[in-house]
J.: 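Please read through the structure below; I'll follow up with questions.
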Amino acid sequence: MNTRQLAKIAKRIGFWALIVLIMVYAVFPFYYAVVTSLKPSSDLFRVELWPSNWNFDNYISIFSQTSFLRAIFNSILVAFSVVFIALLLGITASYALGRVRFRGRSTVLLVILGVSMFPQVAVLSGLFEVIRALNLYNNPAGLILSYTIFTLPFTVWVLTTFMKQLPMELEEAAIMDGATPWITITKVFLPLMWPAMATTGLLAFIAAWNEFLFALTFTLTDAQRTVPVAIALLSGGSAYELPWGPIMAASVVVTVPLVVLVIIFQRRIVSGLTAGAVKG
């Protein structure tokens with residue numbers, strides 16, 4: 001075996017070793033959360049890679065709390081509402097920015113991208129005044145509004161990039177057949193935009209599902225809180241006890257749906273993220 005073959009084998013081994021390292025780094029926290037959630041309180045601080053005693057009391061505990069179940073429902077309602085509104089507005093905006101030529105189009109896109117760069121805490125006080133003026137405080141509609149403001153710029157940017165790559169001949173043929181812009185969007189472009197929509201929709205869903213700062217600030221009662229806030233407010237048997245078992249069980253419960261969605265839409269996510277990367 002010559003030096004070139006040895007170098008090739010060494011590179012391949014190094015490549016797969018790096019892949020394994022990245023996978024362990026990414027997956028191990030979730031795996032350890034699952035292991036911790038299956039331990040009884042007496043074994044929480046015993047370091048084990050596999051629980052010696054399987055115990056589902058932590059899951060029974062969180063699902064027996066009405067406030068946690070209500071928080072899950074609130075998160076589902078808010079996240080799906082944000083995805084629907086962001087995609088609806090994003091598709092129409094991407095058609096205007098990607099297919100209609102007008103002065104200042106590039107400036108509008110840069111402004112949209114710039115808005116998405118603002119940190120949440122920078123607009124928290126002003127957004128709080130807006131939500132209070134609209135009488136949306138302690139209301140899921142207030143969270144939907146605030147989340148949409150931050151997810152819409154990314155949605156518009158990605159969908160506009162994808163829209164620009166669609167052949168002009170499709171739109172010209174639709175116009176020749178007498179199609180209106182709305183018919184062109186829904187009947188011609190929409191079936192071709194599923195990869196980009198799956199990408200932006202899933203990222204918007206994850207952002208809304210995991211958001212904590214706005215949910216903590218704009219809600220007050222257990223009936224209106226979302227899952228991240230509900231997990232943060234889980235309490236133990238006393239003021240000095242942190243219920244790590246129930247917290248880990250709740251974290252696993254709210255993480256599993258995201259993992260399932262990513263696995264289901266994996267191919268569409270990859271094709272959506274790479275859309276517009278090359279010309280041709």
Side-chain angles (χ1 to χ4, degrees), residues 75-120 123 127 130-131 134 136 140-168 170-171 174-175 179-211 214-215 226 257-258 261-262 264-278:
S75 289
I76 293 174
L77 173 64
V78 171
F80 276 104
S81 298
V82 170
V83 171
F84 176 77
I85 296 173
L87 289 180
L88 178 62
L89 298 179
I91 290 172
T92 53
S94 65
Y95 177 79
L97 294 171
R99 315 298 294 193
V100 180
R101 298 184 179 275
F102 59 91
R103 177 176 294 183
R105 182 174 63 171
S106 299
T107 303
V108 173
L109 282 172
L110 291 176
V111 170
I112 291 174
L113 185 63
V115 169
S116 64
M117 296 180 182
F118 279 93
Q120 289 180 311
V123 299
L127 191 57
V130 171
I131 288 179
L134 295 175
L136 296 178
L143 297 180
I144 294 172
L145 173 63
S146 58
Y147 294 173
T148 303
I149 291 174
F150 275 88
T151 57
L152 189 58
F154 172 78
T155 304
V156 172
W157 182 270
V158 174
L159 292 180
T160 300
T161 304
F162 192 88
M163 183 74 76
K164 288 181 178 179
Q165 305 303 317
L166 298 179
M168 185 66 68
L170 293 175
E171 185 177 4
I175 294 174
T180 62
W182 179 251
I183 295 297
T184 303
I185 294 173
T186 55
K187 300 296 185 181
V188 179
F189 290 146
L190 195 60
L192 302 175
M193 296 183 66
W194 283 114
M197 290 177 61
T199 302
T200 54
L202 183 58
L203 293 178
F205 183 89
I206 293 174
W209 184 266
N210 291 331
E211 203 283 326
F214 288 166
T226 55
L258 302 182
L261 287 175
V262 171
I264 293 175
F265 294 101
Q266 180 181 4
R267 292 186 178 180
R268 292 188 180 273
I269 292 171
V270 174
S271 58
L273 288 174
T274 57
V278 295

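For this chain, numbers begin at 1 and follow the sequence in order. Side chains are part of it too, since the values below use all heavy atoms of this structure and drop only hydrogens, waters and symmetry mates.
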J.: Can you confirm whether Trp157 sits close enough to Thr200 that some side-chain heavy atom of one is under 4.5 Å from a side-chain heavy atom of the other?
T.: no
J.: What distance do Leu143 atom CG and Ser75 atom OG have between them, rounded to the nearest 0.5 Å?
T.: 9.0 Å
J.: Take Leu127 and Gln120, measure what side chain to side chain contact (heavy atoms under 4.5 Å, CB included) needs, and give me the verdict at the end.
T.: CA-CA 10 Å; Leu127 191 57; Gln120 289 180 311; over 6 Å; no
J.: As an exercise, state the distance from OG1 of Thr155 to CG of Leu88, rounded to the nearest 0.5 Å.
T.: 11.5 Å
J.: Testing the basics here: between Ala79 and Ala208, what is the closest heavy-atom pair and its distance to 0.1 Å?
T.: CA-CB, 3.9 Å
J.: How long is the straight-line distance from CG of Leu159 back to CZ of Phe154, given to the nearest 0.5 Å?
T.: 9.0 Å
J.: Considering all heavy atoms of both residues, which atom of Val83 and which atom of Gly201 are nearest to each other, and what is their separation?
T.: CG2-O, 3.4 Å
J.: Taking only residues two or more places apart in sequence, or in another chain, which ones meet Lys187 in a side-chain contact (heavy atoms from CB on, under 4.5 Å)?
T.: Ile183
J.: Looking at every heavy atom in both Met193 and Ser94, which two are closest together, and how far apart are they?
T.: CE-OG, 4.2 Å
J.: Ile144: which residues meet the side-chain contact (heavy atoms from CB on, under 4.5 Å) condition with it, sequence neighbours left out?
T.: Val78, Ser81, Val82, Ile85, Thr148
J.: Please report the shortest heavy-atom distance between Gly90 and Val156, naming the atom on each side.
T.: CA-CG2, 3.9 Å
J.: Look at the rings of Phe214 and Tyr147 and say which category their plane angle falls in: under 30° parallel, 30 to 60° tilted, over 60° perpendicular.
T.: parallel
J.: Is there a side chain to side chain contact (heavy atoms under 4.5 Å, CB included) between Leu258 and Asn210? Walk through the geometry before answering.
T.: CA-CA 10 Å; Leu258 302 182; Asn210 291 331; 3.8 Å; yes
J.: Tell me, with the steps shown, if Glu211 and Ser146 meet side chain to side chain contact (heavy atoms under 4.5 Å, CB included).
T.: CA-CA 11 Å; Glu211 203 283 326; Ser146 58; over 6 Å; no
J.: Quick one: does Tyr95's side chain get under 4.5 Å of Thr160's, heavy atoms only?
T.: no
J.: Rounded to the nearest 0.5 Å, how far does CE of Met197 lie from CG of Leu192?
T.: 11.5 Å
J.: Please test Leu134 against Leu145 for side chain to side chain contact (heavy atoms under 4.5 Å, CB included), starting from the C-alpha separation and ending with a verdict.
T.: CA-CA 11 Å; Leu134 295 175; Leu145 173 63; 3.9 Å; yes
J.: Say you draw a straight line from OG1 of Thr184 to CG of Leu190; how long is it, rounded to the nearest 0.5 Å?
T.: 12.0 Å
J.: Rounded to the nearest 0.5 Å, how far apart are CH2 of Trp194 and CZ of Phe162?
T.: 12.0 Å
J.: Do Met163 and Leu97 come close enough that some side-chain heavy atom pair is under 4.5 Å?
T.: no
